[in-house]
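For reference, the structure is listed below as structure tokens.
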Amino acid sequence: MAPGSVPADLAPELAAALGLATVALLLVLLHRPLGDFMAHTFTSAKDLRVERGVYRVIGVDPKGEQTWGAYARSVLAFSVVGVLSVYAIQRLQQWLPYSLGLPAPSEHLAFNTAVSFVTNTNWQSYSPELTLGYTAQLAALAVQNFVSAAVGLAIAVALIRGFARVRTGTIGNFWVDLTRALVRLLLPLAVLSAIVLLATGVIQNFAGFQDVATIAGGAQSIPGGPVASQEAIKLLGTNGGGFFNANSAHPFENPDGISNLFQILLMLAIPFSLPRTFGTMVGDRRQGLAIAAAMGALFIASVSALSAIELQGWGTAPEAAGAAMEGKEARFGILTSAIFGSVSTLTSTGAVNSMHDSYTALGGMLPMLNMMLGEVAPGGVGSGLYGMLVLAVLAVFIGGLLVGRTPEYLGKKLGPKQITLAALTILVTPTLVLAGTALSFAIPAVRADVEATSIWNPGLHGLSEVLYAFTSAANNNGSAFAGLTANTPWFNTALGIAMLLGRFVPIVLVLALAGSLAAQHRVPATVGTLPTHRPLFVGLLVGVTILVTALTYFPVLALGPLAEGLN
Amino acid sequence: MRIHLVALRAMILATVVLGVGYTALITGVGQLVLPAQANGSLIERDGEVVGSSLIGQSFVDADGVALPEYFQSRPSAAGDGYDGGASSGSNLGPENEDLVAAIEERRAAVAERDGVDPADVPADALTASASGLDPHISPAYALLQVDRVAEARGISVERVTELVETTMQGRGLGYLGESTVNVLELNLALDELEE
């Protein structure tokens with residue numbers, strides 16, 4: 001190398017493409033064993049000894065099958081207790097060990113955070129290192145990182161059983177699904193992943209803040225904390241709540257390019273393997289492949305679009321700096337940041353390794369669009385699959401209307417009841433997003449507070465910050481245009497409600513759908529049946545997904561990021 | 001009601017096993033097998049911890065003026081700059097006038113400090129990172145600072161350039177992330193050079 005020259009690296013585009021190819025290859029290798037293992041986990045007749053112990057302690061009969069109503073009541077009871085637990089631990093913080101001398105968060109913040117972690121959103125209205133001690137992080141938040149992901153898996157599996165079972169009144173047992181998801185899948189994978197993250201440099205200690213004298217004669221406070229353990233399940237469970245304010249941009253959460261690739265893989269591993277689980281459980285793997293193909297097509301399109309837009313760097317500030325590097329880490333650069341941001345919002349993770357608020361205007365719209373798609377490409381752990389299956393039900397129905405065929409999916413007739421449930425499921429989050437955003441500006445007192453206290457960037461970008469917040473909350477993502485000061489009574493309450501309804505209304509509707517499907521007998525496929533494993537159906541499913549989103553959100557996107565970007 | 005008791009027992013069990021047990025297990029593995037990483041990749045000089053190789057620092061005097069004998073880190077939005085207790089990006093948007101003004105100000109300041117054409121200042125020198133604790137700068141920004149550092153220290157440009165090149169970290173596995181220079185490690189190596 002000539003002195004004074006930059007080393008002759010690969011072109012950034014090529015390096016990024018190789019990174020994506022690595023992720024794709026690993027997912028191709030992983031999805032079969034992992035998907036089949038999950039199918040076995042949720043269909044096996046045998047309980048492990050440790051699981052039988054769990055059932056004895058919590059007091060359930062693992063052989064007791066539940067109707068959809070009983071299943072839903074169990075989910076809701078478990079989640080209510082979860083919210084109360086996280087709320088209580090936060091409010092008692094000053095008496096808990098390893099709290100770093102931090103006081104209890106306010107009532108509205110504690111409510112928001114409790115709801116946020118129970119709903120697998122992990123929206124953070126607070127700055128963690130200034131707000132929560134180690135005990136609250138591990139005993140409240142890390143626990144919900146595990147169990148909220150397990151709940152998502154349970155719902156997806158219950159819906160699959162709806163398709164797979166014939167003329168039964170039941171869809172499984174929630175407590176068994178929850179326990180198996182944790183014991184056989186999430187806990188072992190989290191232990192392995194945490195050790196890998198440790199090796200890359202993610203910290204794991206109880207040292208608190210350590211004050212050091214720097215070589216330039218200044219002082220610096222170096223944070224500690226049990227980070228690797230939380231980081232592993234944060235990504236594996238598509239949770240996304242950071243141990244630190246900077247989330248996966250913080251070098252102690254995500255030290256280098258290798259840890260970054262691993263984090264991307266963790267976010268995608270379970271969501272992209274679940275279609276295989278689905279195919280295996282319904283006895284036709286081609287059906288799972290079709291769902292995965294639709295997810296994959298949307299995924300590739302979205303990742304490519306955001307990468308290209310950020311690399312282009314349109315906008316006054318990016319052009320002034322020569323590149324869209326504001327809010328991005330040097331070790332990740334533009335493309336690795338854009339890929340992480342895409343993956344995080346195409347799943348329901350919401351972790352960030354770059355600040356979306358500082359993306360180019362059109363670039364910042366892409367994470368929003370990803371969430372507005374309903375997070376189905378591939379979506380959150382469990383929630384991505386059940387979201388996509390609901391869209392598949394609608395696609396079959398629309399396909400049936402177009403060609404005059406009987407709407408049937410996997411041998412189950414899609415009658416008025418099923419279509420109503422699917423349509424209602426799709427309507428929940430757009431209603432919450434648009435209502436929440438509109439109310440923030442329509443109620444005069446709220447608007448005054450939002451504009452004076454919460455909005456960070458003036459003008460059109462301010463609307464985008466509010467729109468992003470409600471999109472993220474209602475879709476249980478958790479990422480943010482983080483300039484928004486959300487720790488106010490209005491946002492903590494309104495976003496809390498959006499997270500609760502955005503999670504549990506669809507869950508109840510999906511379980512009702514599962515119950516109605518499980519109760520049916522199976523109709524044999526005829527020449528009049530739309531084949532749902534062919535490319536034609538994949539195209540139809542992708543089209544329906546985009547159409548549902550574009551029609552709903554286009555007007556408000558035109559007011560915010562589109563107007564800013566085209567200015 | 002019974003179902004809530006089941007839920008309560010399940011939540012207590014989950015808190016004990018997944019909260020306390022799991023965290024303790026990973027902490028044990030970290031402290032026993034990978035203590036350097038688990039404790040923050042701390043760097044010591046003369047027996048004193050002077051920072052972490054993963055956490056960026058400011059190299060400025062008490063008035064916030066850049067010390068010419070040290071390579072400078074990127075602008076930081078963490079507290080007053082590289083505050084390890086307050087990681088944060090600026091979150092300023094692409095059309096934010098304050099950000100545009102800050103970028104122009106920084107461009108002029110770097111160009112003057114390093115005696116280069118303002119057009120040659122790379123983007124990472126003009127923008128705040130996402131964490132505010134970015135330990136790295138681009139190789140281009142490091143090389144741009146070589147002349148000034150060499151002059152301030154009275155050593156040859158070649159020696160400083162060589163140091164930058166040996167400190168440079170390539171992409172992970174040759175293609176993951178971006179090539180960087182760790183500023184604290186580079187500055188420590190510079191101090192060592194003179195001793």
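First the proteins, then the strands, lettered A, B, ... as listed; each starts at 1. Predicted model, so just to flag it, every value in this text is computed and none were measured.
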query = So what's closer than 4.5 Å to chain B heavy atoms on A:E253: side chain, backbone, both or neither?
reply = neither

message = When you compare the side chain of B:M11 with that of A:Q144, does any pair of heavy atoms fall below 4.5 Å?
response = yes

key: Donor on one side chain, acceptor on other, A:E129 and B:S87, under 3.5 Å   = yes

ask   = How about B:L133 and A:P251: do any of their side-chain heavy atoms sit closer than 4.5 Å?
value = yes

ask   = Is the backbone of B:A38 close enough, under 3.5 Å, to the side chain of A:N205 for a donor and an acceptor to pair up by distance?
value = yes

task = Measure across A:S229 and B:Y22 and return the closest heavy-atom pair with its distance rounded to 0.1 Å.
result = O-OH, 2.7 Å

query = Within the side chain of B:R107, is there an N or O that forms a donor-acceptor pair under 3.5 Å with the backbone of A:A320?
reply = yes

Greatest number of heavy atom pairs closer than 4.5 Å to chain B - which of A:A246, A:A142, A:G225 = A:A246

remark   = In terms of heavy-atom pairs under 4.5 Å with chain B, the winner among A:G333, A:A199, A:G363, A:G82 is A:A199

inquiry  = Please determine whether side chain to side chain contact (heavy atoms under 4.5 Å, CB included) holds for the pair B:D134 and A:R331, giving the CA-CA distance in whole Å, both sets of side-chain angles, and the decisive distance to 0.1 Å.
reply    = CA-CA 8 Å; B:D134 195 338; A:R331 65 192 180 283; 4.2 Å; yes

key: Atom group of B:I3 that falls short of 4.5 Å from chain A, counting heavy atoms   = both

message = Under 4.5 Å from any heavy atom of chain B, what part of A:A140 do you find: side chain, backbone, both or neither?
response = neither

key: Option that, when pairs with chain B are counted at under 4.5 Å, heavy atom only, ranks first among A:K328, A:H250, A:E329, A:H356   = A:E329

request  = Go through the atoms of A:A207 and report whether side chain, backbone, both or neither lie under 4.5 Å from a heavy atom of chain B.
outcome  = neither

query = What option among B:G51, B:P135, B:S58, B:A128 has the most heavy-atom pairs under 4.5 Å with chain A?
reply = B:A128

B:I103, part contacting chain A, at a heavy-atom distance under 4.5 Å = side chain

task = Would you mind checking which part of A:V191 comes under 4.5 Å of any heavy atom in chain B, side chain (CB onward), backbone (N, CA, C, O), both or neither?
result = both

task = Check each atom of B:L188 against the heavy atoms of chain A and say whether the ones under 4.5 Å are side chain, backbone, both or neither.
result = both

ask   = Considering only heavy atoms, which portion of A:L182 lies under 4.5 Å from any heavy atom of chain B: side chain, backbone, both, or neither?
value = side chain

task = Counting only heavy atoms closer than 4.5 Å, note whether A:Q137 contacts chain B via side chain, backbone, both or neither.
result = neither

note = Interface check, chain B: of A:S337, A:A213, A:G313, most non-hydrogen pairs under 4.5 Å belong to A:A213

task = Taking the side chain as every heavy atom from C-beta outward, state whether A:L460 and B:E95 have any pair of such atoms under 4.5 Å apart.
result = no

ask   = For B:N187, is it the side chain, the backbone, both, or neither that has a heavy atom closer than 4.5 Å to a heavy atom of chain A?
value = both

task = Verify whether one side chain among B:T23 and A:Y134 offers a donor that lies under 3.5 Å from an acceptor in the other.
result = no

key: Positions in residues 63-73 of chain B that reach chain A, provided some heavy atom is under 4.5 Å away   = B:L67, B:Y70

query = If you tally heavy-atom pairs under 4.5 Å against chain B, which of A:G201, A:A361, A:A330, A:G364 wins?
reply = A:A330

Part of B:V181 lying under 4.5 Å from any heavy atom of chain A = neither

task = Select one option (side chain, backbone, both, neither) describing which atoms of B:S53 are under 4.5 Å from chain A's heavy atoms.
result = neither

inquiry  = Counting only non-hydrogen atoms closer than 4.5 Å, does A:T360 touch chain B with its backbone (N, CA, C, O), its side chain (CB onward), both, or neither?
reply    = backbone

inquiry  = I need the single residue from B:I43, B:L190, B:L184 that forms a side chain to side chain contact (heavy atoms under 4.5 Å, CB included) with A:I215. Which is it?
reply    = B:L184

Name the atoms and distances for all side-chain donor-acceptor pairs under 3.5 Å in residues 216-224 of chain A, with sequence neighbours left out.
from   : atom 1 : to    : atom 2 : distance (Å)
A:Q220 : OE1    : B:Q57 : NE2    : 3.4
A:Q220 : NE2    : B:G56 : O      : 2.8
A:Q220 : NE2    : B:Y82 : O      : 3.1

note = Honestly, the part of B:L92 sitting under 4.5 Å from a heavy atom of chain A is both

message = For the CG atom of B:L18 and the CG atom of A:L186, what is their distance to the nearest 0.5 Å?
response = 9.0 Å

ask   = Hey, is CG on B:D117 packed in by over 12 heavy atoms from elsewhere, all under 6.0 Å?
value = yes

message = For a quick test of reading the model, state the closest non-hydrogen atom pair linking A:G59 to B:R9 and the distance between them.
response = CA-NH2, 4.0 Å

inquiry  = Does any backbone or side-chain atom of A:T316 lie under 4.5 Å from a heavy atom of chain B? Answer side chain, backbone, both or neither.
reply    = both

task = Kindly compute the distance separating CG (A:N254) from CG (B:L54), expressed to the nearest 0.5 Å.
result = 10.5 Å

ask   = About how many Å separate CG of A:L84 and NE2 of B:H4, when rounded to the nearest 0.5 Å?
value = 9.0 Å

ask   = Can you find a pair of side-chain heavy atoms, one from B:V20 and one from A:L138, that are under 4.5 Å apart?
value = yes

ask   = Is there side-chain contact between B:L176 and A:F262, with heavy atoms separated by less than 4.5 Å?
value = no

message = Please rank B:G93, B:S138, B:A14 by heavy-atom pairs under 4.5 Å with chain A and give me the top one.
response = B:G93

inquiry  = Determine whether a donor-acceptor pair (N or O, by modelled atom type, separation under 3.5 Å) exists between the side chain of A:W456 and the backbone of B:S90.
reply    = yes

ask   = If we only count heavy atoms from C-beta on, is the A:E326 to B:L126 side-chain gap below 4.5 Å?
value = no

request  = Measure A:A17 against the heavy atoms of chain B and call it side chain, backbone, both or neither at under 4.5 Å.
outcome  = neither

query = Is there side-chain contact between B:N91 and A:E465, with at least one heavy-atom pair below 4.5 Å?
reply = no

task = Using side chain to side chain contact (heavy atoms under 4.5 Å, CB included) as the criterion, point out the one residue from A:F78, A:Y55, A:W175 that pairs with B:V6.
result = A:W175

Which atoms of B:T180 approach chain A - backbone, side chain, both or neither, heavy atom under 4.5 Å = side chain

inquiry  = Please check: side-chain N/O of B:Q31 versus main-chain N/O of A:Q204, any donor-acceptor pairing under 3.5 Å?
reply    = yes

Top contributor to chain A contacts, counting heavy-atom pairs under 4.5 Å, from B:G89, B:G177, B:G172, B:S129 = B:S129

query = Of all of A:F252, A:Y359, A:F209, which one pairs up most often with chain B through heavy atoms under 4.5 Å apart?
reply = A:F252

Which atoms of A:I258 approach chain B - backbone, side chain, both or neither, heavy atom under 4.5 Å = both

note = Okay, A:P12 and chain B: the region with an atom under 4.5 Å from a heavy atom over there is both

Side-chain heavy-atom pair A:H461, B:P94 within 4.5 angstrom cut-off = yes

request  = First locate atom CG of A:L197, then atom CG of B:L34, and finally report the distance between them rounded to the nearest 0.5 Å.
outcome  = 11.5 Å

remark   = In terms of heavy-atom contacts, A:G322 and B:A123 come closest through C-CB, 4.5 Å

query = Which atoms of A:N145 come close to chain B, meaning under 4.5 Å heavy atom to heavy atom: side chain ones, backbone ones, both, or neither?
reply = neither

Nearest-0.5 Å distance that lies between atom CD1 in B:I55 and atom OG1 in A:T214 = 14.0 Å

